Amino acid sequence: MPISKPHSTRGADNKGSCANLAIYLEKENEELDRIIKKSSSMNEISQLENRKQGFFTASEINIRTIDVISCIDNNKRKLGANDAKYFAPTISFSENELSHIAFLATGKREVISVLELNSSELEQFNNLIREYGRKAMDNYALNFNRQDKGIKTGADLVYFGKIEHFRKFKGTDKEVIDGKEISGQYKKGLQSHIHVIVSRKDKTQLLKLSPTCNEKQSNRKIGNNEYQVGFDRVKWINSNEKTFDEHFNYKRKELEKFQNQNILKNGNPQDKHEINKKIQIESINRNYIKKQIKNAHFNILMTKPNNLKEYQQRMIKFAIQVLPIINKDNFIQENHFFHEQSGIDFKESEIDQNLKFHELFKVDNKTTKQLQQTEPSLEDWKINTEKLTSILSSLLFETVPGVDDEFPKRKRKRAIRR
């Protein structure tokens with residue numbers, strides 16, 4: 001789930017200026033500057049400049065660090081010397097969540113690093129993360145329960161967000177302690193996250209808003225007026241998880257849900273049993289869907305489709321979308337199978353480690369480049385019948401009901417023999 005920490009200050013003293021924190025958050029831009037100084041290519045310099053991240057608010061982007069410091073430091077009316085002046089929430093994502101956002105931004109199912117993304121893909125990736133960050137800060141504002149005082153969205157706060165794409169190992173990380181990684185080295189994979197600096201006071205400077213308040217949903221009464229105070233951190237995490245799933249149409253597994261993880265860690269034995277039962281049932285259902293896809297795949301291959309396009313069209317009749325993944329060398333790396341009814345996406349290797357479906361079709365380099373640059377033209381994709389025969393000869397398959405109209409009726413229920 002998106003992990004939302006409302007009280008981090010990254011080691012800075014939040015009773016004074018936010019300058020140290022804001023400058024610290026320029027570290028990725030500073031690293032890009034060091035690379036730019038060593039580059040002699042104007043094209044490379046331009047691309048590196050485009051990768052720099054500015055701060056953003058509920059309505060603006062590319063805000064300078066000096067303006068962030070000035071705005072936060074001057075939004076502290078009636079705060080004492082020992083009062084917190086700002087807070088620094090962090091919003092992180094799981095590997096699956098980042099992969100999902102990357103797919104929405106690029107159409108690529110396998111993105112290992114943001115360094116793989118071209119300028120337009122990176123811009124879209126950042127836009128999606130930024131949109132979500134703004135919604136998370138809307139949830140942050142609502143979580144104070146001060147709507148009657150005008151705190152309804154993140155726009156009623158004074159905050160600045162900053163997207164970062166890399167993380168380094170620290171000495172306290174398990175991998176470093178176990179000797180598998182070295183402190184200071186970059187972590188592999190997608191590591192994008194958001195740092196936020198948010199003022200203790202709202203935009204009007206009339207209200208104090210603290211996410212570290214010990215009260216949660218407490219009721220107070222002044223005269224005849226009753227109102228709630230406090231910041232429920234668990235509620236904020238759950239709200240952000242729900243927002244993520246709805247905004248990105250993300251199908252979250254039971255084990256990924258924060259509420260379930262919280263129960264597995266802190267719940268009573270009965271609740272833990274119920275959650276483990278849900279996870280087990282989900283796993284059984286996923287395995288059943290994998291079997292459906294695998295059966296449909298082998299049954300359709302028996303009809304000897306002439307090309308990839310024809311294969312895809314026949315799989316669509318089973319409500320299964322086949323999505324080829326093109327690698328950086330312009331060749332098919334792997335395929336994904338999207339099961340429309342369940343909304344679950346599987347890698348080719350998840351269906352069967354020995355499937356190697358992408359090896360059944362051959363295409364020359366020119367056609368592959370056209371696939372990436374223009375409307376897909378797949379008529380030249382020819383089936384590798386020798387490879388097909390080899391695979392089918394070594395695997396069992398069973399006929400899926402309802403496909404008799406796709407190929408001559410067969411009664412083969414055993415392995416195909418040469």
Side-chain angles (χ1 to χ4, degrees), residues 1-5 8 10 25 27-29 31-32 35 47-48 50-54 56 61 89-136 161-170 173-176 180-196 237 240-241 243-245 247-253 255-258 261 323-329 333-336 338 344-350 372:
M1 69 289 179
I3 303 171
S4 315
K5 297 181 180 179
S8 170
R10 303 295 298 177
L25 295 179
K27 60 184 183 295
E28 288 191 5
N29 288 344
E31 181 66 27
L32 287 169
I35 299 174
Q47 290 183 10
L48 291 169
N50 289 334
R51 288 183 176 272
K52 289 184 178 180
Q53 297 289 324
F56 67 89
I61 62 173
T90 56
I91 302 170
S92 302
F93 307 91
S94 71
E95 181 181 349
N96 287 341
E97 289 164 347
L98 285 173
S99 293
H100 184 72
I101 297 174
F103 170 70
L104 295 178
T106 68
K108 299 175 182 177
R109 292 282 176 178
E110 299 296 330
V111 177
I112 299 175
S113 169
V114 293
L115 296 176
E116 297 178 16
L117 308 183
N118 60 38
S119 296
S120 60
E121 290 172 340
L122 180 61
E123 181 180 7
Q124 182 61 11
F125 185 59
N126 285 331
N127 286 341
L128 292 175
I129 292 178
R130 190 183 301 115
E131 286 173 10
Y132 173 75
R134 286 168 170 164
K135 289 181 178 293
K162 183 73 170 289
I163 299 172
E164 289 190 344
H165 291 302
F166 302 96
R167 280 196 173 97
K168 292 181 179 181
F169 284 102
K170 298 179 291 185
D173 288 331
K174 186 177 185 300
E175 295 88 343
V176 176
K180 297 179 180 179
E181 300 290 347
I182 299 174
S183 180
Q185 284 190 336
Y186 283 105
K187 295 183 178 181
K188 297 178 181 178
L190 292 173
Q191 299 289 339
S192 304
H193 55 284
I194 306 171
H195 287 289
V196 181
I237 294 173
N240 289 344
E241 181 178 277
T243 295
F244 185 98
D245 295 350
H247 183 65
F248 294 122
N249 192 26
Y250 183 70
K251 307 298 182 183
R252 187 173 299 277
K253 297 178 184 178
L255 188 57
E256 285 186 274
K257 295 178 180 178
F258 172 74
Q261 290 190 9
L323 308 169
I325 307 303
I326 308 300
N327 64 22
K328 62 182 180 180
D329 296 319
Q333 174 180 324
E334 192 176 29
N335 289 275
H336 277 247
F338 179 73
I344 300 177
D345 174 270
F346 295 99
K347 297 179 183 178
E348 173 186 313
S349 56
E350 289 179 306
Q372 285 191 314

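On a predicted model such as this, the values are computed, not experimentally measured, just so you know.
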Checking side chain to side chain contact (heavy atoms under 4.5 Å, CB included) for the pair H165/L122: CA distance, chi angles, key distance, verdict? CA-CA 11 Å; H165 291 302; L122 180 61; 4.0 Å; yes
Starting from the C-alpha separation in whole Å, work towards a yes-or-no answer on salt bridge (Lys or Arg N to Asp or Glu O under 4.0 Å) for K108 and E116. CA-CA 11 Å; K108 299 175 182 177; E116 297 178 16; 6.0 Å; no
Would you check, one step at a time, whether the test side chain to side chain contact (heavy atoms under 4.5 Å, CB included) holds for I101 with F248? CA-CA 7 Å; I101 297 174; F248 294 122; 4.1 Å; yes
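Relative orientation of the Y250 and F244 rings is perpendicular, given thresholds of 30° and 60° on the angle between their planes.
Separation of atoms CD (E348) and CG (L323) is listed at 12.0 Å; rounding is to 0.5 Å. The structure places CG of L98 at 6.5 Å from CZ of F93, a figure rounded to the nearest 0.5 Å. Of the inter-residue distances, the one linking L128 atom CG with T106 atom OG1 reads 10.0 Å to the nearest 0.5 angstrom. A distance of 5.0 Å separates CD in Q47 from OG in S119, rounded to the nearest 0.5 Å. Note that CD1 of I163 is 4.5 Å distant from CG of N126, once rounded to the nearest 0.5 Å. Atom CD in E95 sits 10.0 Å away from atom CD1 in I112 (nearest 0.5 Å).
Listed by chain and number, the residues in a side chain to side chain contact (heavy atoms under 4.5 Å, CB included) with E123 are N127 (sequence neighbours excluded). For K251, the side chain to side chain contact (heavy atoms under 4.5 Å, CB included) test picks out N249, with sequence neighbours left out. With sequence neighbours excluded, the residues forming a salt bridge (charged side-chain N to carboxylate O under 4.0 Å, His left out) with K174 are D178, listed by chain and number. With sequence neighbours left out, K168 forms a salt bridge (charged side-chain N to carboxylate O under 4.0 Å, His left out) with no residue at all. With sequence neighbours excluded, the residues that form a side chain to side chain contact (heavy atoms under 4.5 Å, CB included) with Q191 are R167, K187. For T243, the side chain to side chain contact (heavy atoms under 4.5 Å, CB included) partners at least two apart in sequence or on another chain are Y132, K135, N139.
F346 is listed as a side-chain neighbour of I344, based on a closest heavy-atom distance under 4.5 Å. The side-chain heavy atoms of E110 and K347, taken from C-beta on, include a pair separated by under 4.5 Å. At a threshold of 4.5 Å between non-hydrogen side-chain atoms, the residues H193 and I91 do not count as touching. By the 4.5 Å heavy-atom criterion applied to side chains, T90 and V196 are not counted as neighbours. Looking at Q185 and V176, their side chains never come closer than 4.5 Å, going by heavy atoms from C-beta outward. The closest side-chain heavy-atom distance from V114 to L190 is below 4.5 Å.
For the residue pair L115 and R51, the shortest heavy atom distance occurs at O-NH2, 3.8 Å. Considering every non-hydrogen atom in both D245 and R252, the closest pair reads OD1-NH2, 2.7 Å. Closest non-hydrogen pair, E241 versus E256, comes out as OE1-O, 3.8 Å. Among all heavy-atom pairs drawn from F125 and S192, the shortest one is CE2-OG, 3.4 Å.
More than 12 heavy atoms of other residues, nucleotides or ligands sit less than 6.0 Å from atom CG of L104. The environment of CD1 in I182 is sparse: at most 12 heavy-atom neighbours from other residues, nucleotides or ligands sit within 6.0 Å.
Side chain of N29 to main chain of Q53: a donor-acceptor pair is present (N/O by atom type, distance under 3.5 Å, no hydrogens or angles). Although no hydrogens or angles enter the test, the distance criterion places a donor-acceptor pair under 3.5 Å between the side chain of D173 and the main chain of K170.
A salt bridge does not link E28 to K162: none of the charged nitrogens lies less than 4.0 Å from a carboxylate oxygen.
With no hydrogens or angles considered, no side-chain donor-acceptor pair links S94 and N96 at under 3.5 Å. No side-chain donor-acceptor contact under 3.5 Å links Y186 and E181.
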